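A quick write-up on the structure given underneath.
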Amino acid sequence: MKSKLSQFIVKKRNLILVIAILLLIPSAIGYARTKVNYDLLSYLPADAESMIGQKSLGDDFQLASTGMLVVENMPDKNVENLKKQIEKIDGVKDVLWRGDVLDIAIPKEVLPKDIKEMLYSDKGTLMIITFEEDSASERTMNAIHEIKGYSEKECYLGGFSAVSEDIKDLSEKETPLYGITAIILCMIVLFMGLESTIAPFIFVAGIAFPVAYNFGTNVFLGEISYITKALALVLQLGVTMDYSIFLLHRYQEEKKKTDDRDEAMSNAIQATFTSITSSSITTIAGFLALCAMQLTLGKDIGIVMAKGVIFGVLSTIIILPSLLMRFDKYIEKWKHPIILKEPKMLPGFLTKHYKSILVIFLVLFIPMGYAQNHTSVYYDLSANMPQDFASIIGTNKLKDQFHMTTTHFLLVDENLESYKIKDICDQVEQLDGVYNVVSYESLIGGGIPQQFEPDAIKDILNNGGKKMILVNSTYTAATDEENEQLDKIDQIMHQYDKHAVIAGEGSLTRDLITTTDIDFKMVNILSVLAIFLIIVITFKSFALPVILVASIEFAICINMGIPYFTGSVLPFIASIVIGTIQLGATVDYAILMTTRYKEELLNGKSVIEAAKEAAAKSAPSIITSGLSFFAACIGVSFIAKMDLIKSLCTLISRGAIISMLVILLVLPALLIVCHKFIEKTTKDWPKANLK
């Protein structure tokens with residue numbers, strides 16, 4: 001079957017190439033129609049309290065998203081005109097300002113204390129802008145972008161919706177640079193590891209097809225996150241480039257056996273198909289493990305990347321052969337000396353000092369394990385954004401002038417008596433970190449004349465069978481202080497209404513922390529189990545899965561422990577996805593080394609000689625693969641302004657190097673020391689003497 005398929009691919013290679021190029025057209029259309037989500041909090045489970053609250057804000061109060069506009073050094077008359085201009089912007093539902101409470105002709109001193117404190121500071125005033133659609137929608141993004149155009153009038157838009165729009169702008173500018181940087185650095189590594197000067201260009205052209213197909217088919221998902229979009233090309237390039245190298249090397253090897261190029265490529269496809277499909281299964285399993293996350297961002301990344309690896313395998317087997325054969329004479333003609341050569345001294349050093357290496361391995365495992373478990377993580381998505389973001393400037397002004405670091409939206413039953421709502425407000429206002437509490441009852445009780453009863457405020461604070469209480473907190477989202485404050489508010493509310501919920505960034509982030517704590521354990525367990533089972537099936541062994549997975553977990557342990565010693569704080573998503581990505585993407589190195597080790601044992605070599613030969617022959621492929629993965633990610637870590645992207649790429653690139661070194665240095669020592677254990681627990685494993 002494989003023989004017929006490979007012969008068909010070679011025979012119809014020109015037709016295949018034409019079809020592959022034509023498929024780029026629907027891929028481009030699919031890419032253009034795929035929406036991008038810039039709101040990570042929207043990936044929380046639908047049954048989380050904060051998400052129930054957010055849904056109510058959108059459905060009942062038409063407050064799917066809000067923005068806070070700080071206006072400085074502008075007379076009230078001009079502010080009123082500005083308000084009318086903003087209300088005309090497409091996507092803006094309403095703009096709440098003091099004119100909705102009391103005519104601007106009446107002195108602001110008449111305003112109730114709560115309203116006055118909320119809408120005025122010593123330097124300016126505040127407008128609350130509500131949008132027709134949620135923060136992640138393109139319509140809302142466009143409206144926010146237009147509102148930011150008023151910044152020349154000393155207007156500053158803050159809040160999470162504004163931050164999301166800034167993320168969109170920066171992401172759209174930087175994402176193409178990520179791809180270009182990754183390609184250039186990856187090609188440099190390929191130039192160093194291959195003797196052909198033209199091959200790196202062929203590989204990049206070949207990998208363009210699976211990348212395009214992957215991005216084009218994302219349209220069936222409806223939307224992808226900006227993180228997935230930013231990292232997909234980089235990860236796909238780093239993870240699947242090996243497959244192209246495998247095919248080229250095998251093709252060149254087969255050409256030495258026959259003068260028939262078609263036969264050589266057909267044989268190369270058959271041999272490569274087996275090797276890359278078996279190695280890609282672990283990578284796919286690692287990415288699919290992310291789909292188990294409650295935070296559906298994991299599913300987003302997992303599906304896109306697993307799909308990318310599958311397209312990478314298929315493209316290597318079906319499309320790349322036609323490119324290699326078409327440019328075969330140039331590949332053979334233009335050559336240069338290989339820089340990444342087989343490390344001649346390393347194998348002898350490893351087998352001579354394997355006991356010492358193993359001792360170092362065991363000694364390092366404990367402190368690095370401790371460090372990994374105590375590495376600090378942050379959940380405040382705006383905390384590490386560039387400080388020159390317009391939204392960050394606006395948010396800082398909200399904090400400094402209006403004490404509105406975060407705003408909680410308390411939603412209670414509309415049938416709750418007014419005195420109970422007032423009790424809730426009074427108790428919440430006494431909590432540490434609460435600057436003020438605003439409800440319709442508190443405003444009416446504040447002495448507004450009946451003729452000036454604020455219908456606009458009533459429409460916002462009383463809707464859809466619920467009443468809203470606004471709580472402005474001086475605490476920052478994702479801090480222990482704010483989470484404790486939210487817990488206490490929950491206790492107070494539930495004394496009066498068991499079904500009351502809290503919406504807003506603070507509540508969303510609190511649920512994010514709870515959700516990701518569970519996800520971290522779940523994803524790590526699933527990824528380890530999945531890859532463990534794959535290795536069990538591959539080698540029909542119990543010992544080898546333990547040894548191979550332990551090797552990569554040790555590399556992950558070092559990678560995730562380093563930030564503890566450097567004092568770095570990682571974004572929450574890093575602690576969840578890095579281990580899975582590093583395990584799935586680099587366990588192939590361990591499988592390659594072990595497969596070669598078994599091959600040498602079958603050739604009658606002793607355990608130490610087999611380990612020495614396996615290290616020598618596997619090293620070039622492992623080094624080239626590891627450095628390609630490293631190169632694809634490291635450049636992005638230098639140019640990315642968003643800490644989330646920078647941290648992820650730093651960890652992935654460092655993880656590739658650490659995994660590469662652990663497999664080259666530690667795995668041979670483990671194979672030597674555990675050879676009896678392997679023999680007893682592995683089916684048909686060749687028996688050999690130690691020396």
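Because the structure is a prediction, the values reported are computed rather than measured.
- Contact check for I338 versus L194: no side-chain heavy atoms found under the 4.5 Å cut-off.
- No hydrogens or angles considered: nothing links the side chains of S171 and K229 as a donor-acceptor pair under 3.5 Å.
- Stacking of K255 on the aromatic ring of Y251 is recorded, both the 6.0 Å distance cut-off and the 45° axial limit being met.
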> Passes side chain to side chain contact (heavy atoms under 4.5 Å, CB included), I202 versus L320? Steps please.
Replying inline: CA-CA 8 Å; I202 305 301; L320 186 59; 4.2 Å; yes
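- Contact check for I245 versus L190: side-chain heavy atoms found under the 4.5 Å cut-off.
- A distance of 5.5 Å separates OG of S653 from CZ of F630, quoted to the nearest 0.5 Å.
- Applying the salt bridge (charged side-chain N to carboxylate O under 4.0 Å, His left out) test to residues at least two apart or on different chains, the pairs with a partner in residues 12-37 are R13-D262.
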> side chain to side chain contact (heavy atoms under 4.5 Å, CB included) between Y243 and T272: does it pass, once the steps are laid out?
Replying inline: CA-CA 8 Å; Y243 309 154; T272 306; 5.9 Å; no
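- Minimum heavy-atom separation, S621 to L592: CB-CD2, 3.8 Å.
- The minimum heavy-atom distance linking A212 with S27 is given by the pair O-CB, 3.4 Å.
- Taking the six-membered ring where the residue is Trp, Y597 and W685 present tilted rings, their angle falling between 30° and 60°.
- The number of heavy-atom neighbours closer than 6.0 Å to CE of M187, taken from other residues, nucleotides and ligands shown, is above 12.
- S196 places a side-chain N or O within donor-acceptor distance of the main-chain N or O of I331, the cut-off being under 3.5 Å.
- Checking side-chain atoms of E195 against main-chain N and O of H336 turns up no donor-acceptor pair under 3.5 Å.
- Between K256 and E253, no side-chain nitrogen of the basic residue sits less than 4.0 Å from a carboxylate oxygen of the acidic one, so the salt-bridge criterion is not met.
- You'll find the side chain of L670 stays beyond 4.5 Å of the side chain of Y354, heavy atoms only.
- Residues G655 and N559 come closest through the heavy atom pair CA-ND2, 3.4 Å.
- Between the T681 side chain and the A543 main chain, a donor and an acceptor come within less than 3.5 Å of each other.
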> Hey, mind stepping through L237 and F203 against side chain to side chain contact (heavy atoms under 4.5 Å, CB included) and telling me if it holds?
Replying inline: CA-CA 10 Å; L237 185 68; F203 287 170; over 6 Å; no
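- Considering only residues two or more places apart in sequence or on other chains, Y330 meets the ring pair (Phe, Tyr, Trp, His ring centres under 6.0 Å) condition with W334.
- For the residue pair I663 and L667, the shortest heavy atom distance occurs at O-CB, 3.4 Å.
- A side-chain donor from one of S6 and Q270 sits under 3.5 Å from a side-chain acceptor of the other.
- Looking at T516, its side chain never comes within 3.5 Å of a backbone N or O of D519 through a donor-acceptor pair.
- Looking at residues two or more places apart in sequence or on another chain, you find no ring pair (Phe, Tyr, Trp, His ring centres under 6.0 Å) involving Y43.
- Side-chain contact annotation: N267 with R250, donor-acceptor N/O pair under 3.5 Å absent.
- Taking a 6.0 Å sphere around NZ of K335, one finds it holds more than 12 heavy atoms contributed by other residues, nucleotides or ligands.
- The shortest distance between side-chain heavy atoms of M265 and L324 falls below 4.5 Å.
- Checked against the 6.0 Å centroid criterion, the rings of F201 and F191 qualify as a close aromatic pair.
- Closest non-hydrogen pair, A656 versus T586, comes out as CA-CG2, 4.4 Å.
- Using a 4.5 Å heavy-atom cutoff, the side chains of M305 and Q236 are in contact.
- Within the 3.5 Å criterion, the main-chain N or O of A640 finds a donor-acceptor partner in the side chain of K646.
- Using modelled atom types, no side-chain atom of N37 and backbone atom of S42 make a donor-acceptor pair closer than 3.5 Å.
- Within 6.0 Å of atom NZ in K257, more than 12 heavy atoms from other residues, nucleotides or ligands are found, so the atom counts as buried in its surroundings.
- Atom OG1 of residue T283 and atom CD1 of residue I310 lie 11.0 Å apart, to the nearest 0.5 angstrom.
- The existence of a salt bridge linking D328 and R261 is confirmed by a sub-4.0 Å separation between a basic side-chain nitrogen and an acidic carboxylate oxygen.
- For the residue pair S628/D242, the side-chain donor-acceptor check at 3.5 Å is not satisfied.
- Side-chain N/O atoms of S659 and Q582 include a donor and acceptor closer than 3.5 Å.
- Taking CD1 of I581 as the reference point, atom CG of L235 lies at 5.5 Å (rounded to 0.5 Å).
- A 6.0 Å sphere centred on CD of E332 holds more than 12 heavy atoms belonging to other residues, nucleotides or ligands.
- The minimum heavy-atom distance between I576 and N524, with the atom names listed, is O-OD1, 4.3 Å.
- A side-chain N or O of D588 and one of T282 form a donor-acceptor pair less than 3.5 Å apart.
- Residue I19 is tested with I16, L17, I21, L15 for a side-chain contact (heavy atoms from CB on, under 4.5 Å); the sole match is L15.
- In this structure a side-chain-to-backbone donor-acceptor pair under 3.5 Å is missing from H353 to L350.
- For CZ of F542, the number of neighbouring non-hydrogen atoms (other residues, nucleotides, ligands) closer than 6.0 Å is 12 at most.
- A 4.5 Å side-chain heavy-atom check between L40 and L644 finds at least one atom pair inside the cut-off.
- Checking D300 against T228 by side-chain atom types alone, a donor-acceptor pair falls below 3.5 Å.
- Side-chain N or O atoms of K307 include one that pairs as donor or acceptor with a backbone N or O of N214 at under 3.5 Å.
- One N or O on the side chain of S541 and one on the backbone of L544 form a donor-acceptor pair closer than 3.5 Å.
- Side chain of S322 to main chain of I319: a donor-acceptor pair is present (N/O by atom type, distance under 3.5 Å, no hydrogens or angles).
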>> Does I167 form a side chain to side chain contact (heavy atoms under 4.5 Å, CB included) with M642? I'd like the steps, not just the answer.
In response: CA-CA 8 Å; I167 290 174; M642 284 183 286; 3.8 Å; yes
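- Residues L23 and Y213 form a side-chain contact, since some pair of their non-hydrogen atoms from C-beta on lies under 4.5 Å apart.
- For the pair V18 and N14, the minimum side-chain heavy-atom distance is 4.5 Å or more.
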